[in-house]
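Quick caveat: nothing in here was measured; it's all calculated off a predicted structure.
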2 protein chains.
Amino acid sequence: MKTIALLFKLNIIFTTTISAKHTTTNWISMKRNRISIKDISKALGLSNTTISFILNGKAEEMRISAQVAARVLAYVKEVGYTPNYLARGLVTGKTNTIGFIVENIGNPFFSQIASLIEEQAYNNGYKIIYSSTNGEKAKALELIRMFRDRGVDGYILCPTEGLEEEITQLREENRPVVLFDRYLPAVDSHYIGISNEDAMYNACKHLADKGKKHIALITTDSQQTQMLSRLEGYRKLLKERNLTAYILSVPYEERRERLQLDLENFLENNGIIDGICFATNYLAVGGLEVLRRNQIKIPSHIAVVAFDDNEALRLFQPGITAVAQPLEDMAKLIIDRLLIDLKLGKVTDKTFHKELPARLIVRESTG
Amino acid sequence: MKTIALLFKLNIIFTTTISAKHTTTNWISMKRNRISIKDISKALGLSNTTISFILNGKAEEMRISAQVAARVLAYVKEVGYTPNYLARGLVTGKTNTIGFIVENIGNPFFSQIASLIEEQAYNNGYKIIYSSTNGEKAKALELIRMFRDRGVDGYILCPTEGLEEEITQLREENRPVVLFDRYLPAVDSHYIGISNEDAMYNACKHLADKGKKHIALITTDSQQTQMLSRLEGYRKLLKERNLTAYILSVPYEERRERLQLDLENFLENNGIIDGICFATNYLAVGGLEVLRRNQIKIPSHIAVVAFDDNEALRLFQPGITAVAQPLEDMAKLIIDRLLIDLKLGKVTDKTFHKELPARLIVRESTG
DNA sequence: AATTAATGTGAAAACGATTGCCTTATTGTT
DNA sequence: AACAATAAGGCAATCGTTTTCACATTAATT
C-alpha cells in the first residue's frame, strides 16, 4: 500500500526560464536564425570542407589534425549546430526517412505494428512518414509517389491490390521496399507476414476439435493474399474433416456498413451454424457485437475464433480464442530487411519472403 | 471471384531517360534518373525561371504567354515531372510536413485521432511525420529537435511534462504549434482538449446517482493537466455529495507493471468501494481485467465508468459506461488551427484554447 | 520619331550541405 | 641540395529549386 492522495502543486516552476532569450531580434522571419556550416567555418577560420568532414566523422580519414577537430566539435556543441537535412538530402540523395503505408493507422493491428516499427526505425536513425490508404489503390499510388518526391529512402507497404506496376518500378529504381501483412503474387519483393493458411487451419481445427460440426468463415471478398490464404486454411480443415463450408463474404468496400446486417441474415438463414471463424479483426469486433445483440451463447451455441488479437478480444467475455500475430517479430524482420537494402544502397536481387507462425491463444475454459 | 494472374509488363519505360545523362558514370547510383526543371527548360528552349513560374501557377502574374504555359504544362505531364521537395524546401524553408508527436501511437486514442488528423492534413496538402514519446521528456525533446532539423512546418504535440522551454522556443521561432489532450500551464500556446473536469464530474455523478456511496478514482501520479482536471472533477462531485475520496494513484512510469497489483491491494484494503472511475483508457482496460479476475460483479458489486471509449469497452460485458472524447471534432479543430498559422506564415499572437465537451455513454442497463 | 510602358524571358544568386580534386607546408630520402 | 612523399586543409562544383533583377522585344503614346 503506497501512493494515494498527495498534494498536487499546480506547478509554476517554469516561469523564470521563459523570458530571457532572443531579446535582440525583433525580426519576424523564421528559419534565418539557424546556424550553418558556413557560419562555423567563418567563425573558426576554416573551410566548409573541413567542418563537414569533421562533422561526418571523416576527420582522420581526411587527415584533419586532432586539435582542429576538437576545436570544431567544441564550437559546434557550444553553438548547438545541427545540420540541415534538406540540404544534405539534396546532395546525398538520402533522407533517413522511411515511408510507411498502412491500410488504416486507426486499426489496432496497424497502430501496434507501427509503434514497434517506429521504435526500431528510430533506433537506427530513421524517421517514419506514414499514411493510410483505406484500402484504395488510388490513394496508395498517390502516397507512394508523394513519398518518392519527398525522397524517402525506403518503403514499408501494406499494399492494396493493383500496385504491381508501381512496386516493380520502385525496385527498378533501386528503392528498397518491404511488403507486409500481404503481398502481390505478380511482384517479386521482400515480404513479411504470417503463415495465414496454417493459422486459420489451426483456428478451425480448434473449433472442430471441440465438436463443432458447422463452422462458418466470415471474411471479405477482397483478393488480398492473406485473406485468400486464410480461406484456404479454412477449406483445408473442412475437407479434412469432411464438413460443409459456410462462408459469408462481406464486400470489402462496404465492410463497415454491411457486416452487421449481412451477418444477421447469414446466421438466420443458417441456424445450424455452431462455430465461426472471423478472418480479420474488424470483422471479429463487429461480428461479436452482432452475436451479443442476438443473445447467442458463446461458445455453447456458437463457438468463436478471431483472427488478430487485441485489447477488445482480450477483455471480451466469454473468452474468445484468437490467432495472435507475432507483432514484435514481424516488426523486427521488416526493419532488419529494409535496413539491409538501405545500407547496401541498392535493392538485393534475391527477395526475402518470410511467413512467421501465428499463435493460437485459447481462451474459453468452458466448452 | 475474379482477378488473380494478369500479365504485368515489366516496364522499360524509363530506360531511355536513364542512359542519357551522366554517361560517364557507369555507377549503379539511384535517383539520378529523375527529370528536373533544367531538363525541361533545355528540352523546350526556355529558362528555369519560366518553367518554375508556370509550374507554380504564377504564369499570369509573371506574364508568361498562355501558349508557352500550355506547352510547358503539356510537356510536364508527358514526361511525368514532379518537383524535388528537398530542393524546394531548401529555398523556401517550407516542406508541407507536419510533425505529429503522441504519447504512443499504439494507444487506440492516439491512433484514432492520428487517423483523423492524417486525413485532414492530407486533404490540405500536408504530410505527417510522427513519433511517440512514451511519455519521456528526453525523447520528446529529441523528437522536436529532429523534426525541426527536418524542417517540418508545424507541430501537433501531445506534450510530456517539462517541455515548456522548448515549446516557447518554437513559438519564438514562429513555428506553429498546437497542443492537444493536455497543455502546459506555463506556456501560452494553442490547445485543443476536452473539458476534463466536467467530464469526470459527470462520470462520477452517474455513479452517485445510481446510489453508489464509495466511489474510487484510479489515476496516475502524473501532473499532466488532463489528469489533474479529471481529479478535480472527481473531487468536486465527492464534495457536493459529501462522499469520501478513495484515490489510487499509480506511478506513471510503471503504470503497466504496477496497475494490476496495486489495484488488487487497493480493493482488498478498501472493501467498501462500490464504484470506480478510471481516469484513462489503459487504466480502464487493465483495471477491468483485475475486476474480472477477482470475480467482482459489475455493476452490482462495483459499478464502473471509464475515461475514453474504444472497441474494448464497447464490447465489454457487462456494458461499461464511458466518457467518449469527440475525436473528429478535436482532429478538425487541431488541423484548422494549425493551418491558420501555417497559411499566415507566423504564429498568431492570441492563442486558442478550446475545451470541447465530452459525451457520457451510459451502457449498463441493469443497475 | 522618340520615348515610355507593357510583355515575356533569362541569368544568376541564393538555400546548406557534400565531395572530387588541388594547393601548400613539412618531413624524409639520397 | 633536390625531390618525393605525406600531412593538413581549401576551392569550387553540385544537388534542384525559387526568386530578384535585368534585358529584349513589341505596342502605345506624344
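At the phosphate of D:dT18, OP1 or OP2 sits under 4.0 Å from a side-chain N or O atom of B:R88. OP1 or OP2 of D:dC15 has not a single side-chain nitrogen or oxygen of B:Y85 nearer than 4.0 Å. Taking 4.0 angstrom as the limit, B:T50 places a side-chain polar atom (N or O) nearer than this to OP1 or OP2 of C:dG10. For D:dT19, the OP1/OP2 oxygens have a side-chain nitrogen or oxygen of B:K58 closer than 4.0 Å. Note on A:N48: every side-chain N or O is 4.0 Å or more away from OP1 and OP2 of C:dT18. Remark: B:S65 is in phosphate contact with C:dT9, judged by side-chain N or O atoms under 4.0 Å from OP1 or OP2. For the OP1/OP2 pair of C:dG16 and a distance below 4.0 Å, the side-chain nitrogens and oxygens of A:S36 include no atom meeting the criterion.
For A:Y191 and A:Y183, the ring centers are positioned less than 6.0 Å apart.
Whole-Å rounding puts the B:K94 NZ to C:dA14 P distance at 21 Å. Atom CD1 in A:I54 sits about 15 Å away from atom C1' in C:dT19, given to the nearest Å. In this structure, CD of A:E60 is placed 11 Å from P of D:dA8, rounded to the nearest angstrom. We find that CD1 of B:I51 is positioned 14 Å from C1' of D:dT18, with the value rounded to whole Å. Atom CZ in B:R34 sits roughly 7 Å away from atom P in D:dT17 (whole-Å rounding). Across the protein-nucleic acid pair, B:M62 atom CE and D:dT19 atom P stand 9 Å apart, rounded to whole Å. Separating the CD1 atom of B:I37 from the P atom of C:dA14 is a distance of 19 Å, rounded to the nearest angstrom. A straight line from CZ of A:R63 to P of C:dT24 spans 17 Å, rounded to a whole angstrom.
Taking the side chain of B:V91 as heavy atoms from C-beta on, and the options D:dG10, C:dG16, C:dC15, the nearest nucleotide is C:dC15. Among the nucleotides C:dA17, D:dG16, D:dT17, the one closest to any side-chain atom of A:L90 is D:dG16. Picking from D:dA7, C:dT19, C:dA17 the nucleotide with the shortest atom distance to the side chain of A:N84 gives C:dA17. When the nucleotides D:dT17, C:dA17, D:dG9 are ranked by their closest atom to the side chain of A:I64, D:dG9 comes out on top. In this structure, of D:dT18, D:dA8, C:dG8, it is D:dT18 that holds the atom nearest to the side chain of B:S52.
Taking 4.0 Å as the cut-off between side-chain N and carboxylate O, B:R148 and B:E173 count as a salt-bridged pair. Taking a cutoff of 4.0 Å between a charged side-chain nitrogen and a carboxylate oxygen, A:D153 and A:K127 do not qualify as a salt bridge. For B:K137 and B:E166, the salt-bridge test fails: no basic side-chain N is under 4.0 Å from an acidic carboxylate O.
A:V178 has its side chain out of reach of A:Y155: every pair of non-hydrogen atoms, C-beta onward, lies at least 4.5 Å apart.
Ranked by how close their nearest DNA chain C nucleotide is to the 5' end, B:T49 and B:A87 are led by B:T49.
Among the heavy atoms of the strands lying under 4.0 Å from A:L46 are primed sugar atoms or P, OP1, OP2 only; no base atom is included.
Atom-to-atom distance recorded for A:I129:CD1 and A:I101:CD1 is 10.0 Å, nearest 0.5 angstrom.
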